[in-house]
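Report on the structure given below.
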Amino acid sequence: MDRRQFLAIGTAALAAPALTGRATAKAVAGQPLPIPPVLDLSTRTDAKLEAIAGRNAFIEGKPARTFGYNQPYLGPVLRVRRGEIARPVVKNRLDFPVTTHWHGLHVPGAVDGGPQLAIAPGREWRPELEIDQPAATLWYHSHIHGQTGPQVYHGLAGMLIVEDPGAANPGLPSGWGIDDLPIVIQDRVIDPNGALVYNRSRPTMMHGLRGSEILVNGVMRPRASVARGLVRLRILNGSNARIYTLKFDDGRGFDQIASDGGLLPHPVTRRVLVLAPAERAEIVVDLSDGKDVRLVSLPDNNDPMGGMMGRGMGGMMRRMMGAGASANPEPVTSDGAFEVMRLVPDRPAPATRSLPQNLTGAAKPITAQPIRRRKVSLDMGPTAMMSTGNPLAINGRTYDMARIDFDVRQGDVELWEISAAMMAHPFHVHGTSFTVVSRNGRRTPFETTGAKDVVLVDGAAEILVEFRKKASRTTPYMLHCHILEHEDGGMMGQFTVS
Ligand code: C2O
Ligand code: CU
Ligand code: CU
């Protein structure tokens, strides 16, 4: 696929009416869950990660153009180890520039893979990644400014696992693909020919792209054959914009053991888990009763028309902001939840395990007094429009690769007050993990939120941040909304750490 064809994916969709492909898509739900290969970066120095074009059949017999790392769609699970240096070789075999950003990895701006680190077609990038953080489930994805949405949508993403050899939890399930599973959830618009449809219309840019088909590891509503016992799911919301409210269809509870930046101090029992774009959570669910269970999600109602501003808006403004553009998948339960995947516990459990009450090597909160307060307002709609001429901005300014928005001193602890206009925005910061202090004035206990690099801001939130690595003016760190259409549209800023 050349550049022109790639861009055409976006424009072609503008002319087409709403496409769902639901009727044909039914045929392939229930395929086995693919477990991506593991590429261990700590045992070799020449591990290649190649961005390639491929063909993937989301609908049986109808292969469609996709991108991936080393495979047609998505990429391998990368494994790195604390205390070691990972040296991946990233090669761009596509005919447009890509980057590879290590989302959640605490590495300097120079190797972070942000928009400034574009890899030209045919070129290679050899970053040295010093792994210096607790065990965690992270991810990687392309981050070209203005193209992150379509590139990730077509497959340029994968999971990244940090292991900490100094902090073992022998009680946690660890049989890869049997009772320890990578789960990358994405929603897509798939047309009747099996093609991924990426629409860049104004309403889509405002809502974020949401599709009516759910993929897990690239397969539509798959079934995973798992151990009849405790099963650990490392869940990544790899969607462009959709917020999931996950639960099991039989109402069974589960334990959350990790969030974005690593293990929680203790397992937290839940029945429902909200996961915004780019957030991760690890959960352990007990399937020793041998019963099939479906992982389902309530619909996402995060809508720029939902807020007070939206309700008061005139018809033209409503059309501009895209009222009614979301598509939700077909509900399967009486409360309107749709299916994500099915777990079938038909394999013997590896050993009797019991969930430890204290997790070793858990991520730690930031507790120091902040030396500075900083306001970050995620602007959207008429206010942003008036100050920037663009409906998406941060602190009154639309993203500009040539402008550094602020500087942070290495090692300083700062309190950031984030506010979100018109809808909930998943706010992300590069280069570190932060501690969420409050949301809408209510304290958020670290025991249940853990170390984060994305926080869903629906109103206001306060976070404590600290940067231990540097980022220069040529390769600064990003802060942005992780609704990829908002990020591409300019709800992004950049800062240095010196
Ligand atoms: Cu997931 Cu700026 O990144
Ligand atoms: Cu990131
Ligand atoms: Cu946003």
Quiz item: Hey, are Asp112 and Lys469 close enough for a salt bridge, meaning a charged N less than 4.0 Å from a carboxylate O?
Solution: no
Self-check item: Donor-acceptor contact below 3.5 Å, side chain Arg280 vs main chain Gly262
Solution: no
Self-check item: Nearest non-hydrogen partners of Asp164 and Pro134, listed with the distance
Solution: OD2-CA, 4.4 Å
Self-check item: Contact summary for Arg126 and Val89, nearest pair of heavy atoms
Solution: NH1-CG2, 3.6 Å
Self-check item: CA sep, side-chain torsions, deciding dist, call: Asp255, Arg270, salt bridge (Lys or Arg N to Asp or Glu O under 4.0 Å)
Solution: CA-CA 6 Å; Asp255 284 286; Arg270 299 191 184 284; over 6 Å; no
Quiz item: Distance from Glu485 atom CD to Leu209 atom CG, nearest 0.5 Å?
Solution: 5.0 Å
Quiz item: Can we say Glu414 and Arg374 salt-bridge, meaning some charged N sits less than 4.0 Å from an Asp/Glu carboxylate O?
Solution: yes
Exercise. Check whether any side-chain heavy atom of Asp407 lies under 4.5 Å from a side-chain heavy atom of Val497, and answer yes or no.
Key: no
Quiz item: Which value, rounded to the nearest 0.5 Å, describes the distance between Trp139 atom CH2 and Asp453 atom CG?
Solution: 10.0 Å
Quiz prompt | Non-hydrogen side-chain atoms of Val437 and Arg443 separated by less than 4.5 Å | solution = yes
Quiz item: Hey, are the side chains of Pro37 and Val77 touching, using non-hydrogen atoms and a 4.5 Å cut-off?
Solution: no
Exercise. Considering non-hydrogen atoms only, spot the tightest contact between His141 and Ala157 and give its length.
Key: CB-CB, 3.9 Å
Self-check item: Glu50 side-chain N/O to Lys91 backbone N/O, donor-acceptor pair under 3.5 Å
Solution: no
Exercise. In sequence, state the C-alpha distance, the side-chain angles, and the governing distance for Leu479 and Phe406, and then conclude on side-chain contact (heavy atoms from CB on, under 4.5 Å).
Key: CA-CA 11 Å; Leu479 71 165; Phe406 56 89; 4.0 Å; yes
Quiz item: Arg373 and Glu462: salt bridge (Lys or Arg N to Asp or Glu O under 4.0 Å), yes or no, with the steps?
Solution: CA-CA 10 Å; Arg373 283 178 169 264; Glu462 292 177 306; 3.7 Å; yes
Exercise. Determine yes or no for a side-chain-to-main-chain donor-acceptor pair under 3.5 angstrom, with Asp405 supplying the side chain and Phe495 the backbone.
Key: no
Practice problem: Would you check if the distance from the ring center of Tyr73 to the ring center of Phe58 is below 6.0 Å? | Solution: yes
Practice problem: Return the minimal non-hydrogen interatomic distance between Leu94 and Asn92, and the atom names on each side. | Solution: N-OD1, 2.8 Å
Quiz item: Does CZ belonging to Arg55 count more than 12 external heavy atoms closer than 6.0 Å?
Solution: yes
Self-check item: Stacked cation flag Arg271 on Phe254, 6.0 angstrom / 45 deg
Solution: no
Quiz prompt | Short side-chain to backbone donor-acceptor contact, Asp179 and Pro173, under 3.5 Å | solution = no
Quiz item: Which is it for Phe467 and Phe434 under the side-chain contact (heavy atoms from CB on, under 4.5 Å) test, yes or no, and what are the steps along the way?
Solution: CA-CA 9 Å; Phe467 297 89; Phe434 52 73; over 6 Å; no
Quiz item: Can we say Lys452 and Glu279 salt-bridge, meaning some charged N sits less than 4.0 Å from an Asp/Glu carboxylate O?
Solution: yes
Quiz item: Just wondering, do Thr137 and Met159 contact through their side chains at under 4.5 Å, heavy atoms?
Solution: yes
Exercise. Take Val340 and Ile185, measure what side-chain contact (heavy atoms from CB on, under 4.5 Å) needs, and give me the verdict at the end.
Key: CA-CA 8 Å; Val340 173; Ile185 306 177; 3.8 Å; yes
Quiz item: Got a sec: does the CZ of Arg403 have more than 12 other heavy atoms crowding it under 6.0 Å?
Solution: yes
Quiz prompt | Minimum heavy-atom distance Leu156-Gly68, with the two atoms named | solution = CD2-O, 3.6 Å
Quiz item: Between the main-chain N or O of Arg468 and the side-chain N or O of Gln410, is there a donor-acceptor pair closer than 3.5 Å?
Solution: yes
Exercise. Inspect the contact between Arg188 and Glu213 and indicate whether a charged nitrogen and a carboxylate oxygen are less than 4.0 angstrom apart.
Key: no
Exercise. Kindly compute the distance separating CD1 (Ile85) from CG (Leu129), expressed to the nearest 0.5 Å.
Key: 9.5 Å
Exercise. Please say which of Thr269, Val284, Asn169 ends up in a side chain to side chain contact (heavy atoms under 4.5 Å, CB included) with Leu355.
Key: Val284
Quiz item: How about His482 and Phe427: are their ring centroids closer than 6.0 Å?
Solution: no
Quiz prompt | Close side-chain approach of Asn240 to Pro277, heavy-atom, < 4.5 Å | solution = no
Quiz prompt | Beyond-backbone contact of Ile35 with Pro182, side-chain heavy atoms, under 4.5 angstrom | solution = yes
Practice problem: Of all the heavy-atom pairs spanning Lys375 and Asn395, show the shortest one and how long it is. | Solution: O-ND2, 3.0 Å
Quiz item: Is it true that a side-chain atom of Asn237 and a backbone atom of Ala276 form a donor plus acceptor pair closer than 3.5 Å?
Solution: yes
Exercise. Consider only side-chain N and O atoms of Ser239 and Tyr244, and report whether a donor and an acceptor are under 3.5 Å apart.
Key: yes
Quiz prompt | Any side-chain heavy-atom pair of Glu163 and Arg82 under 4.5 Å | solution = no
Quiz item: Only one of His486, His101, His145, His143 forms a ring pair (Phe, Tyr, Trp, His ring centres under 6.0 Å) with His480, so which one is it?
Solution: His143
Exercise. Give a yes or no on whether Arg473 atom CZ has more than 12 heavy-atom contacts from other residues, nucleotides or ligands under 6.0 Å away.
Key: no
Quiz prompt | Side-chain donor or acceptor of Thr66 paired with backbone N/O of Pro72 under 3.5 Å | solution = yes
Quiz item: Hey, are His266 and Asn358 close enough side-chain-wise for a donor-acceptor pair under 3.5 Å?
Solution: yes
Exercise. Compute both the distance and the angle, then confirm whether Arg79 meets the cation-pi test with Trp176: under 6.0 Å from the six-membered ring centre, within 45 degrees of the axis.
Key: yes
Quiz item: If only atom types and distance count, is the side chain of Asp260 paired as donor or acceptor with the main-chain N or O of Val454 below 3.5 Å?
Solution: yes
Quiz prompt | Distance in Å, Leu264 CG paired with Thr449 OG1, rounded so as to fall on 0.5 Å steps | solution = 8.0 Å
Quiz prompt | salt_bridge(Asp379, Arg397) N-O dist < 4.0 Å | solution = no
Practice problem: Answer yes or no: is there a donor N or O on one side and an acceptor on the other, between the side chain of Thr148 and the main chain of Asp488, under 3.5 Å? | Solution: no
Quiz item: Are any of the side-chain heavy atoms of Leu49 and Trp125 separated by less than 4.5 Å?
Solution: no
Quiz prompt | Ser259 side-chain N/O to Ala451 backbone N/O, donor-acceptor pair under 3.5 Å | solution = yes
Practice problem: Determine, step by step, whether Tyr153 and Gln151 satisfy the side-chain contact (heavy atoms from CB on, under 4.5 Å) criterion, reporting the C-alpha distance in whole Å, the side-chain angles of both residues, the deciding distance to 0.1 Å, and the verdict. | Solution: CA-CA 5 Å; Tyr153 189 83; Gln151 290 192 359; over 6 Å; no
Quiz item: Taking NZ, NE, NH1 and NH2 as the nitrogens, is one of them in Arg242 or Asp187 under 4.0 Å from a carboxylate oxygen of the other?
Solution: yes
